[in-house]
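Worksheet: the structure to be examined is printed underneath.
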Protein chains: 2
Amino acid sequence: MPPTPSTTGEVGPATVVPGDAPGDGDGKPTRERILDIALELFTEQGYDKTSLREIAERLGFSKAAVYYHFASKDDILLALHYRLHGLTEDSLLELVGSASDPQVWADVLSRFLDKMMANRQLFVLHERNRAALETLHREGHPERHQDMADAFRSVLANPAIPVRDRVRLSCALGAVMSGLVSADTFAEVPTDEYVDLLRQVVDDLLVGA
Amino acid sequence: MPPTPSTTGEVGPATVVPGDAPGDGDGKPTRERILDIALELFTEQGYDKTSLREIAERLGFSKAAVYYHFASKDDILLALHYRLHGLTEDSLLELVGSASDPQVWADVLSRFLDKMMANRQLFVLHERNRAALETLHREGHPERHQDMADAFRSVLANPAIPVRDRVRLSCALGAVMSGLVSADTFAEVPTDEYVDLLRQVVDDLLVGA
DNA sequence: GTCTATAACCAGATAGAC
DNA sequence: GTCTATCTGGTTATAGAC
């Protein structure tokens, strides 16, 4: 049986202690290396058009070896989804869930933006494979793991909050996501400056006007 | 050989003259009925997770019959993509291409919003199947069919335009798309009112502030 | 214009050797 | 921890009858 039979929440590079496990080229454990390649291929070609054989080939071993680390292809996608979960601090989450004030939403989004930008590829993965990820969410995905997207979704569906505010929140989320996805187009702009531009957009939509 | 061997730009319900071709339940030609079902299933379950067998079953005939109307599964997706193309008037397109003024972009988007809202599902399809559609765009898709998305994309990539303006345009597009996708959440709001809220968002991002 | 039958293929997944 | 070999099932696509 594999060392981690059920899917575990992976938190990303920060968790990896250098020289922590066998691995190959780097000190990174194989499981992480698989996830890194998968993230790259899934974002580039799409989840469904990427085969396990392809992932394995890139790493220099065979398809079946991947099955030692993950129970299924879905399991890989799920693990990447959990990387996103891992980015969220609980304190921010509670803030969103409790308050119904656009100013608070804007603050949370603003504070979260740097982390989003630093882990941009993870968001692009989600943006480009919505269909596959939502299928995953419907079945499986047992524990009601709360993440940022879930928190905001529940706000959007809350009828006690004025429609105008909710619509503008929805737009602000879309605007930020769009900003992340097309960040490559603005590669010549320094990251800090770029993030500030996005922050301003969030502000204009949620508190300004 | 099929009546329309290569993919033709389908324009939607407006093109269908009542009693125009055999069809079945309605006066709609079979080709259109296939596209309607495909649109529904592709948006719901995703392009890759929908099989031709499933589409055929819904229509009451067999998988192979679908191949009479379309050369491949990709061809169906492409035809739906062309429905989107069909929504765009050339006059609006030129407007976007020529001007580099945020005010103009806002006007175009505003004028286009009603049509976008009326054909919402088409946009949701594109939003939820970006990966599949971009693969399609890379290969095939011969004639440089210009659509709204292409026009705006070329603006975003134009270095002659101030970065701030371009970033805000990118955000505005994302905001509108997000608004379209989550329109169901706000089903209780009258459409006109909802579209006005979105128009305001576009305005705040592109001309206000 | 639609259907039956079937070909050809490749994916995800398993068993068990090393 | 990785490999070879194999199973199983579903997918796109074709040929040809009605």
Side-chain angles (χ1 to χ4, degrees), chain A residues 1-7 19-35 37-38 41-42 45-79 129 131-132 135-136 139-140, chain B residues 1-7 19-35 37-38 41-42 45-79 129 131-132 135-136 139-140:
Chain A
M1 271 268 175
T4 44
S6 66
T7 324
D20 151 277
D24 258 27
D26 303 328
K28 270 195 180 179
T30 309
R31 195 186 146 93
E32 293 303 309
R33 288 171 59 220
I34 293 175
L35 286 178
I37 297 286
L41 292 177
F42 288 173
Q45 322 175 326
Y47 173 73
D48 294 279
K49 289 195 176 50
T50 304
S51 68
L52 292 179
R53 185 187 46 72
E54 213 171 345
I55 294 175
E57 240 162 38
R58 275 271 197 118
L59 286 160
F61 47 68
S62 105
K63 189 176 57 168
V66 175
Y67 276 96
Y68 175 79
H69 298 278
F70 295 93
S72 68
K73 192 186 176 188
D74 281 355
D75 206 37
I76 299 181
L77 186 58
L78 198 56
N129 294 281
T135 307
L136 213 64
E139 38 204 65
Chain B
M1 270 270 173
T4 45
S6 66
T7 323
D20 152 277
D24 260 25
D26 304 326
K28 270 195 179 178
T30 310
R31 196 188 146 91
E32 293 304 310
R33 288 171 59 220
I34 293 175
L35 285 178
I37 297 287
L41 292 177
F42 288 172
Q45 321 175 328
Y47 173 74
D48 294 280
K49 289 197 175 50
T50 304
S51 67
L52 292 180
R53 185 186 47 70
E54 215 172 344
I55 295 175
E57 239 162 38
R58 275 271 196 120
L59 285 160
F61 48 69
S62 109
K63 194 176 49 172
V66 175
Y67 276 95
Y68 174 79
H69 297 278
F70 295 93
S72 68
K73 191 186 175 186
D74 281 356
D75 206 37
I76 299 181
L77 186 59
L78 198 56
N129 294 282
T135 308
L136 213 63
E139 39 205 65

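Residue numbering restarts at 1 for every chain, and letters A, B, ... go by the order of the sequence lines. Worth knowing before you read on, the calculation uses all heavy atoms, side chains too, and leaves out hydrogens, waters and symmetry mates. None of the values given here were measured: they were computed from a predicted structure.
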How many Å lie between [atom1] on [X] and [atom2] on [N], as a whole number?
X	N	atom1	atom2	answer
A:E57	D:dT2	CD	P	16 Å
B:I76	D:dT11	CD1	P	14 Å
A:R31	D:dT2	CZ	P	13 Å
B:E54	D:dG10	CD	P	12 Å
B:L59	C:dG1	CG	P	16 Å

Legend entry - Which residues share a side chain to side chain contact (heavy atoms under 4.5 Å, CB included) with B:K49, sequence neighbours left out: A:Y47, A:D48, A:A132, A:T135

Legend entry - For B:S51, all residues meeting side chain to side chain contact (heavy atoms under 4.5 Å, CB included), sequence neighbours excluded: B:R53, B:E54

Legend entry - Approximate separation, where rounding is to 0.5 Å, of B:I76 CD1 and B:I37 CD1: 11.5 Å

Inset, instruction - Look up atom CD in A:E32 and atom NE2 in A:H69, then write down how far apart they are to the nearest 0.5 Å. - result: 11.0 Å

Inset, instruction - Let me have a per-nucleotide readout for nucleotides 12-18 of chain D, 5' to 3', with B, S or -, counting only protein heavy atoms under 4.0 Å. - result: BBB----

Inset, instruction - Ignoring backbone atoms, establish whether A:Y68 has a side-chain N or O less than 4.0 Å from OP1 or OP2 of D:dG1. - result: yes

Inset, instruction - Output, in order, the C-alpha distance, side-chain angles, deciding distance and verdict of side-chain contact (heavy atoms from CB on, under 4.5 Å) for A:L35 and A:F42. - result: CA-CA 10 Å; A:L35 286 178; A:F42 288 173; over 6 Å; no

Inset, instruction - Could you tell me whether the side chain of B:T30 reaches within less than 4.5 Å of the side chain of B:Y68, counting heavy atoms only? - result: no

